[in-house]
Amino acid sequence: MSRLVTDVPAEAAVLAPFVDAGVFGPSEVQLVAAVSRLRLPDGGSLSVEESLALAVAARAPRLGHVCVELDQVARRIVRPDAAGDAEDDELPWPDPETWAAALGVSDLVQLAGEPVDGPLRPLVWDGTRLYLHRFEAYERAVADDLARRADGTVPAMPGVELLGLFPLPADGGPDRQRRAAEVALANPVSVIAGGPGTGKTRTVARLLAAALAAPDTPIREFALCAPTGKAAARMTEAVHAAVAETEAAGIVDGAVARRLREAEATTIHRLLGARPGAGFARNRTSRLTHDLVIVDETSMVDLPLMAHLLDAVRPEARIVLVGDPEQLASVEAGTVLADLVGPLRSGGGDDAGPGPLAGRVTVLDRVHRFAATSGIAELADAVRTGEADRALSLLDGSRPDLQLVAPSGPTSDDVLDLLVDAGVGVVEAARIGDDAEALRRAAAVKVLAATHRGVNGRFEWEQRIERGVLDRVGDVDRRGRWYVGRPVLVTANDRLNRVFNGDTGVAVATDDGLLVALPDPREPSGIRRVAPARLHEVDTWWSMTIHKSQGSEFPHVVVALPPTIDSPVLTRELLYTAVTRAREQVTIVATEETVRAAVSRPIARASGLAHRLWP
């Protein structure tokens with residue numbers, strides 16, 4: 001954890017040793033000082049327990065936690081990447097029992113379940129977990145909304161036909177895809193979970209086809225959405241491909257297929273009408289008009305955003321949450337999808353319960369993307385289950401689709417040569433104005449780095465690849481950062497130019513000069529050209545972070561991990577997410593020790609949502 005030089009005012013003096021140890025920064029210190037000043041003179045100064053409760057509750061969401069458990073503070077707040085060390089043990093934390101007793105009688109603390117009496121209190125304590133008030137409110141709102149929906153009803157859908165869309169499996173086993181569709185169409189809320197290639201998007205496309213084809217269907221308007229622009233674009237592409245498959249097989253009629261081909265996924269923020277600094281246009285008083293809302297990549301949705309989304313969906317509408325609970329959670333606080341799936345994550349039956357979501361969660365477990373002997377599928381499973389020895393045995397060089405490469409040496413140079421070769425192909429296609437080929441080559445092999453900076457980070461790979469490509473092609477005309485063949489990743493939403501965070505493109509030579517080709521399903525060619533001057537927030541896309549890669553797929557993925565095993569970003573979910581972005585080949589640039597550390601270290605975020613949904 002980086003340490004900041006922070007002045008500690010007298011009102012927050014109790015935090016001084018924690019600030020010196022790098023546990024708390026300016027925001028936590030100033031919060032405690034401000035509350036202490038408000039307390040004086042009538043209420044007296046804050047106690048040690050109250051001061052530290054405010055500080056850890058404020059710190060927790062910055063580390064992805066919704067709440068904090070007092071006996072886990074050293075591991076979750078001080079050292080989120082490992083158990084506390086000797087230095088952590090020397091910090092003057094209160095005894096958990098004494099701390100809990102103090103919180104139970106503090107006027108800064110609202111006890112969970114009790115009516116609010118008087119002014120709003122900044123903390124909520126449920127006897128086990130401590131929250132900032134707004135995060136407890138978000139968590140309670142999500143749990144209560146899902147429980148209400150689970151108890152509610154939706155308009156009947158008579159005559160819906162699923163058997164033709166979901167033929168029985170050849171081996172006679174259960175068809176979880178069809179079950180997921182049945183549950184989604186029969187309930188106000190449902191969850192479709194599963195790893196890569198288990199048919200989540202196929203299920204979505206076919207349940208939509210069934211809903212639209214049913215006589216007197218109540219589904220007049222539906223929405224497809226995802227947390228990021230890239231994930232939304234990927235969802236659109238995948239649904240269109242699944243629809244084309246069903247239409248070619250004669251499973252759906254032309255009218256239904258045409259309507260599905262016209263469907264375009266959007267970001268959740270855009271669906272809700274996000275207004276910077278002013279919340280969302282769609283909310284409880286101005287709800288979405290859709291009869292069915294399907295959310296892809298739900299693992300990337302943070303707790304506050306899920307609360308706002310549920311608030312905006314009409315109670316009588318259906319909402320289907322789709323995603324892989326083993327992937328990286330949202331950048332912001334919460335582990336929403338993992339909490340929704342609950343005990344099913346560890347292999348429980350579809351009806352595991354009790355709880356409001358019992359019988360409404362379907363986990364797809366048949367992998368269709370990879371062959372039965374796929375090394376990628378086996379590696380992903382080994383990482384997911386925390387089996388470091390099995391993961392390393394799969395990376396021993398005996399499998400053509402898996403490779404472990406030391407960060408330096410001849411083999412690492414070979415990986416760089418491969419990436420440079422691919423980059424030269426991008427420039428060559430861009431020079432002749434072949435948009436589609438340039439985009440295809442730009443996505444053929446991609447470096448996914450765990451970090452932006454440092455050894456083996458995104459910036460280092462970007463510079464090495466770009467330098468190698470430009471040295472090889474020689475006479476590329478450069479205009480500042482722009483040059484023919486430059487691949488770019490959009491980093492901010494820009495509605496005026498119809499580009500969104502996560503969109504990708506390539507600068508190509510045209511009769512009108514240098515333009516950026518961007519995939520766009522709304523265009524007849526599937527590609528749109530934009531002047532570079534109109535793209536204000538872009539990064540060069542020779543490499544990207546693993547976090548940014550969520551919602552994407554590439555034929556060949558090069559996973560670049562940090563060189564030290566104590567890096568806090570090195571986790572099981574990070575490696576699993578990176579590996580499962582690949583369709584054909586995975587190359588991991590790391591030491592065996594680094595891979596072992598990642599596989600052995602699951603993310604442990606504190607949240608109470610699973611306890612509310614699966615008591």
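Only this structure's heavy atoms are used, side chains among them; waters, hydrogens and symmetry mates stay out. Predicted model, so just to flag it, every value in this text is computed and none were measured.
Smallest separation of non-hydrogen atoms from W614 and V361: CZ2-CG2, 4.1 Å. In terms of heavy-atom proximity, I192 sits nearest to V320 at CD1-CG1, 3.8 Å.
A salt bridge does not link D151 to R148: none of the charged nitrogens lies less than 4.0 Å from a carboxylate oxygen. Between D539 and R458, at least one side-chain nitrogen of the basic residue sits less than 4.0 Å from a carboxylate oxygen of the acidic one, meeting the salt-bridge criterion. Note on D291 versus R314: salt bridge recorded, some NZ/NE/NH1/NH2 to OD/OE distance being below 4.0 Å. Ion pair R37/E11 flagged as a salt bridge, since at least one NZ, NE, NH1 or NH2 atom sits closer than 4.0 Å to an Asp/Glu carboxylate oxygen. In this structure, R62 pairs ionically with E28, as a charged nitrogen and a carboxylate oxygen lie closer than 4.0 Å. A salt bridge links D365 to R176: one of the charged nitrogens lies within less than 4.0 Å of a carboxylate oxygen. A salt bridge does not link E182 with R360: every distance from a Lys NZ or Arg NE/NH1/NH2 to an Asp or Glu carboxylate oxygen is 4.0 Å or more.
Considering only heavy atoms from C-beta on, T266 stays 4.5 Å or farther from T236 through its side chain. The side-chain heavy atoms of L613 and P356, taken from C-beta on, include a pair separated by under 4.5 Å. For the pair T580/V557, no side-chain contact is recorded, criterion being any heavy-atom separation below 4.5 Å from C-beta on. The shortest distance between side-chain heavy atoms of V183 and S190 falls below 4.5 Å. For the pair L309 and L272, the minimum side-chain heavy-atom distance is below 4.5 Å.
Between Y131 and W125, the gap from one ring centroid to the other reaches at least 6.0 Å.
Classified by interplanar angle (parallel below 30°, tilted 30° to 60°, perpendicular above 60°), the ring pair F18/F24 is tilted. The aromatic rings of F280 and H308 sit tilted relative to each other, their planes meeting at an angle between 30° and 60°.
Just one of T491, T228, N501 meets the side chain to side chain donor-acceptor pair (under 3.5 Å) condition when paired with K548; it is N501.
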